[in-house]
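Reading through the structure tokens given below for one structure.
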Amino acid sequence: MSKTSQQNTTTDASAASVIHTQAHSSGLQQVPQLVPVSPGGGGKAVPPSKQGKKNSFVDRNSDEYRQRRERNNMAVKKSRLKSKQKAQDTLQRVNQLKEENERLEAKIKLLTKELSVLKDLFLEHAHNFADNVQPVGTETSTSNPENSGQ
């Protein structure tokens, strides 16, 4: 059997060469291998928006440049306003929570005083009630004139 193989090398978007090998006579199919294009290996993946901009010269007097700068300036202004508004909203919420906390603490003090007064009243009433009630087995018996003669 004779083995003939064919290799195709392609470069994909991630800057790596892919070697496609096809073995004809053996009936085996080999898996594609990734081989780095640069001899040093890896490197950072560059987003599509940044790929073509490295070597291009930006004409600062062009209308496109001015439009981009204007859009960017508006976006920055909008972002800063949004950040400032968020900080103001947070500060306002903090002040509301502080006021609510003060009201709740005052309510706690009031309810604690009320509980103390009610507790004292209850204990006083319970003490007076205990003094007025005699134990069950020590009741004074009153003689009944009808039953004493029998």
Side-chain angles (χ1 to χ4, degrees), residues 7-23 28-150:
Q7 288 187 349
N8 295 330
T9 305
T10 59
T11 304
D12 66 356
S14 65
S17 296
V18 179
I19 301 174
H20 299 281
T21 307
Q22 296 176 342
L28 298 174
Q29 194 173 16
Q30 293 181 352
V31 178
Q33 297 175 344
L34 291 176
V35 180
V37 173
S38 64
K44 288 187 177 180
V46 181
S49 62
K50 302 272 182 175
Q51 284 179 351
K53 292 184 178 181
K54 280 190 175 181
N55 295 330
S56 65
F57 175 73
V58 179
D59 182 17
R60 293 179 182 238
N61 296 325
S62 70
D63 289 337
E64 181 184 0
Y65 176 79
R66 288 183 185 146
Q67 288 173 352
R68 283 185 183 176
R69 292 304 315 142
E70 190 174 322
R71 280 197 316 256
N72 181 263
N73 290 343
M74 289 190 310
V76 167
K77 192 179 291 187
K78 182 179 176 183
S79 175
R80 289 178 181 159
L81 284 174
K82 186 177 178 182
S83 176
K84 191 175 186 180
Q85 182 64 42
K86 188 175 180 180
Q88 287 176 346
D89 292 345
T90 303
L91 185 62
Q92 183 179 7
R93 179 72 175 140
V94 166
N95 290 333
Q96 287 174 348
L97 291 173
K98 282 182 179 178
E99 289 174 6
E100 183 181 359
N101 192 34
E102 289 173 3
R103 283 194 306 270
L104 290 173
E105 286 178 356
K107 188 173 183 178
I108 287 171
K109 285 182 181 179
L110 180 69
L111 290 173
T112 304
K113 282 183 181 179
E114 186 178 344
L115 176 65
S116 177
V117 168
L118 291 173
K119 190 187 240 184
D120 290 343
L121 285 173
F122 174 77
L123 291 174
E124 184 180 334
H125 178 72
H127 181 69
N128 288 338
F129 183 74
D131 287 346
N132 292 335
V133 174
Q134 295 177 353
V136 176
T138 60
E139 287 184 20
T140 55
S141 60
T142 56
S143 60
N144 199 350
E146 295 173 4
N147 291 339
S148 63
Q150 292 178 2

Query raised in the report: For Arg68 and Asn72, what are the C-alpha separation, side-chain angles and deciding distance, and is it a side-chain contact (heavy atoms from CB on, under 4.5 Å)?
Result: CA-CA 6 Å; Arg68 283 185 183 176; Asn72 181 263; over 6 Å; no

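- When atom types are taken as modelled, the side chain of Ser79 and the backbone of Ala75 share no donor-acceptor pair closer than 3.5 angstrom.
- Put simply, CZ on Arg66 and CG on Asp59 are 8.5 Å apart, with the number rounded to the nearest 0.5 Å.
- Tested against Leu111 for a side chain to side chain contact (heavy atoms under 4.5 Å, CB included), the candidates Lys113, Lys109, Glu114 yield a single pass: Glu114.
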Result block: side-chain N/O donor-acceptor pairs under 3.5 angstrom for residues 86-107, not counting sequence neighbours:
unit_1 : atom_1 : unit_2 : atom_2 : d
Asp89  : OD1    : Gln85  : NE2    : 2.9
Thr90  : OG1    : Lys86  : O      : 2.9
Asn95  : ND2    : Leu91  : O      : 3.4

